[in-house]
There are 2 protein chains.
Amino acid sequence: MKIELLTKNDNLSIQNTIISQIRDLINIKNLEPGDKLPSERMLSEKFEVTRSTVREAIQKLEFFGLLKSIPQSGTFVANIGVIALNGMIEDILRLDTPDFKSLVETRILLELKTVRLASLRRTEEDLKHLKSTLDAHEKKVLNGEDAVQEDLLFHLAIAKASRNSSMNTFMLTITPEIITNFEKHHVCSKNQVMSSIKEHKDIYDAIKNQNPKEAKDKMKAHFKILYQYCYNIK
Amino acid sequence: MKIELLTKNDNLSIQNTIISQIRDLINIKNLEPGDKLPSERMLSEKFEVTRSTVREAIQKLEFFGLLKSIPQSGTFVANIGVIALNGMIEDILRLDTPDFKSLVETRILLELKTVRLASLRRTEEDLKHLKSTLDAHEKKVLNGEDAVQEDLLFHLAIAKASRNSSMNTFMLTITPEIITNFEKHHVCSKNQVMSSIKEHKDIYDAIKNQNPKEAKDKMKAHFKILYQYCYNIK
DNA sequence: AATATAAAACTGGTTAACCAATTTGCATAT
DNA sequence: ATATGCAAATTGGTTAACCAGTTTTATATT
């Protein structure tokens with residue numbers, strides 16, 4: 001377990017080393033947007049690592065839109081100047097894995113927006129989906145069962161109804177992390193769970209009635225406990 | 001070119017097919033959190049695809065926190081119940097690649113928050129970094145040169161100073177996409193670029209003075225044109 | 001019958017050979 | 001000199017064999 005973690009960190013630091021070496025190479029060779037990088041084989045030889053290590057580094061930079069690989073042709077500097085490229089790589093190298101507080105903070109921000117957008121853009125199909133997740137949650141809570149999953153799905157249904165696929169994606173990436181952490185920290189008490197039924201209903205109604213202000217306010221009320229929690233943890 | 005696009009779509013739809021088959025398998029076998037999936041080799045044989053295709057599908061589900069691969073041991077259902085798992089996979093399968101409007105909308109949301117947080121949390125080091133990106137931008141604009149990159153780096157410096165690594169990551173993923181699109185749609189006129197110098201300065205001062213309201217307002221003013229643009233495109 | 005032990009089978013990850021498409025270099029023809 | 005055709009070299013991507021742990025199974029021992 002300890003060893004696994006070590007090698008994982010090692011892999012990441014090796015990858016970061018390769019990324020910064022690629023950056024240096026781009027700078028030394030004065031490569032501009034559209035220019036071709038040396039082949040993966042040459043880079044792996046130059047940096048004295050395996051080709052797959054180079055490959056992963058390139059894919060990470062590709063994910064952030066800085067490089068672009070074209071099959072049977074080569075890897076190219078994206079349509080971004082060297083100044084932005086250097087700055088962004090610097091940031092990427094220093095990226096931390098998000099802590100719980102960051103995640104909760106981001107979730108609240110996103111949801112206060114998605115709920116507003118959902119109230120403005122929701123289709124009839126969205127409403128049906130929202131209703132079914134709403135009912136599923138209520139049923140579980142009234143049965144005295146754990147309803148964390150149904151709670152999650154209601155919030156994701158809102159994100160979907162916001163018709164903003166970027167926010168929807170972000171919600172999908174951070175929410176699972178949050179709920180598993182939640183259970184660990186057991187944030188919610190029994191009373192809070194019961195009251196969440198009404199809070200969900202209020203949010204649903206606001207979306208149904210296409211009332212953006214109400215939707216946001218009701219979501220804010222729903223997050224009240226979460227707010228406190230988020231800003232109290234160190 | 002046309003063919004490349006086709007195969008890319010094909011690959012994605014094959015991956016989605018595999019993902020839904022994995023979901024079906026989890027349901028049929030009643031797998032619960034912590035349970036082990038069949039091995040990659042068995043899955044590839046069962047689904048009649050190569051092992052790497054199965055691998056990519058698993059990695060995507062791992063990215064969204066639904067599965068967890070452990071070396072030399074197996075792939076496991078994450079600590080998320082089957083209900084949430086089914087709902088989330090449904091969402092993941094239907095995820096669109098974000099359109100430009102979604103990206104701009106998300107950027108505005110994020111930046112109105114990061115600038116506020118930055119004003120509250122910025123360190124002296126953050127301030128130095130902000131100042132240097134501010135100056136670089138001003139210098140370029142006054143020289144009559146294109147300053148899109150410096151503009152980007154100023155905004156990323158704010159995201160960094162917000163000390164929220166989740167938002168910082170999101171900003172890093174969407175901003176390059178936005179600026180390349182911007183140049184395509186040529187959003188900014190000459191006058192707007194000149195006035196952006198003062199707008200940046202105002203934002204910087206608000207962050208320096210640790211005035212969150214001012215920071216947000218100045219950022220909002222800076223986004224005024226962007227707002228209009230975002231809500232006018234179809 | 002229960003336990004200890006070792007060997008065999010199985011696991012996700014890695015590597016090196018392979019593939020098909022592209023690019024390059026050169027000979028040839030115009 | 002320029003254009004054309006073609007083969008050789010080069011490219012990122014894919015595949016199948018391999019690796020180092022883990023897990024299971026069978027055997028031996030008490």
Side-chain angles (χ1 to χ4, degrees), chain A residues 1-15 17-19 21-22 25-26 29 31 34-79, chain B residues 1-15 17-19 21-22 25-26 29 31 34-79:
Chain A
M1 193 62 168
K2 211 170 185 178
I3 294 162
E4 192 198 330
L5 200 68
L6 262 172
T7 55
K8 218 170 191 179
N9 282 346
D10 274 358
N11 281 347
L12 202 69
S13 82
I14 289 173
Q15 192 185 79
T17 307
I18 302 304
I19 287 177
Q21 284 184 283
I22 290 175
L25 194 72
I26 291 173
K29 290 199 167 192
L31 299 185
D35 286 354
K36 188 156 90 171
L37 260 66
S39 72
E40 294 178 351
R41 286 169 184 82
M42 287 184 64
L43 290 177
S44 70
E45 198 176 335
K46 192 180 178 73
F47 301 151
E48 293 178 330
V49 292
T50 72
R51 200 182 138 201
S52 46
T53 309
V54 172
R55 216 132 200 293
E56 282 166 30
I58 289 175
Q59 277 166 10
K60 186 160 182 181
L61 293 176
E62 217 176 340
F63 173 79
F64 285 104
L66 302 182
L67 297 180
K68 173 73 187 163
S69 279
I70 295 177
Q72 284 81 45
S73 178
T75 302
F76 301 84
V77 178
N79 194 22
Chain B
M1 194 61 171
K2 211 171 185 178
I3 294 163
E4 191 199 330
L5 200 67
L6 262 171
T7 56
K8 218 172 190 177
N9 283 344
D10 275 358
N11 282 349
L12 202 69
S13 82
I14 289 173
Q15 192 184 81
T17 307
I18 302 303
I19 287 177
Q21 284 183 282
I22 290 176
L25 193 74
I26 291 173
K29 290 200 165 190
L31 299 185
D35 287 353
K36 188 156 90 172
L37 260 67
S39 72
E40 294 177 353
R41 286 169 183 83
M42 288 184 64
L43 291 177
S44 70
E45 199 175 336
K46 192 181 179 73
F47 302 151
E48 293 178 330
V49 292
T50 72
R51 199 182 141 201
S52 46
T53 309
V54 172
R55 216 132 201 292
E56 282 167 30
I58 289 175
Q59 277 167 8
K60 187 162 181 179
L61 292 176
E62 216 177 341
F63 175 78
F64 285 104
L66 302 183
L67 297 180
K68 174 72 187 164
S69 280
I70 295 178
Q72 285 83 44
S73 179
T75 303
F76 300 84
V77 178
N79 194 23

Work out which heavy atom in F76(A) is nearest to a heavy atom in G74(A); give both atom names and the distance. CE1-O, 3.3 Å
Work out which heavy atom in A78(B) is nearest to a heavy atom in G65(B); give both atom names and the distance. CB-O, 3.2 Å
Rounded to the nearest Å, what distance is computed from the [atom1] atom of residue [X] to the [atom2] atom of nucleotide [N]?
{"X": "I70(B)", "N": "dG13(C)", "atom1": "CD1", "atom2": "P", "answer": "10 Å"}
{"X": "Q72(B)", "N": "dT14(C)", "atom1": "CD", "atom2": "C1'", "answer": "10 Å"}
{"X": "I58(B)", "N": "dG13(C)", "atom1": "CD1", "atom2": "C1'", "answer": "12 Å"}
{"X": "K36(B)", "N": "dT11(C)", "atom1": "NZ", "atom2": "C1'", "answer": "7 Å"}

Side-chain contact test, heavy atoms from C-beta onward, threshold under 4.5 Å: evaluate it for D35(A) versus I26(A) and give yes or no. no
In residues 50-57 of chain A, what residues come within less than 4.0 Å of DNA chain D, judged by heavy atoms? R51(A), R55(A)
Tell me which residues in residues 39-48 of chain B lie within less than 4.0 Å of DNA chain D, going by non-hydrogen atoms. R41(B)
Could I get the full list of side chain to side chain contact (heavy atoms under 4.5 Å, CB included) partners for [X], not counting sequence neighbours?
{"X": "Q72(B)", "value": "none"}
{"X": "T17(B)", "value": "Q21(B)"}
{"X": "F63(A)", "value": "T173(B)"}

Check the phosphate of dT23(C) against S73(A), side-chain N and O only, distance under 4.0 Å to OP1 or OP2. Yes or no? yes
I want to check one thing: is the phosphate of dG12(D), taken as OP1 and OP2, less than 4.0 Å away from some side-chain N or O of T75(A)? yes
What residues form a side chain to side chain donor-acceptor pair (under 3.5 Å) with T50(B), not counting sequence neighbours? S52(B), T53(B)
Taking only distance into account, with no hydrogens and no angle test, what donor-acceptor pairs under 3.5 Å do side-chain atoms of residues 41-48 of chain A form with protein atoms, sequence neighbours excluded?
from   : atom 1 : to     : atom 2 : distance (Å)
S44(A) : OG     : E40(A) : O      : 3.4
S44(A) : OG     : R41(A) : O      : 2.8

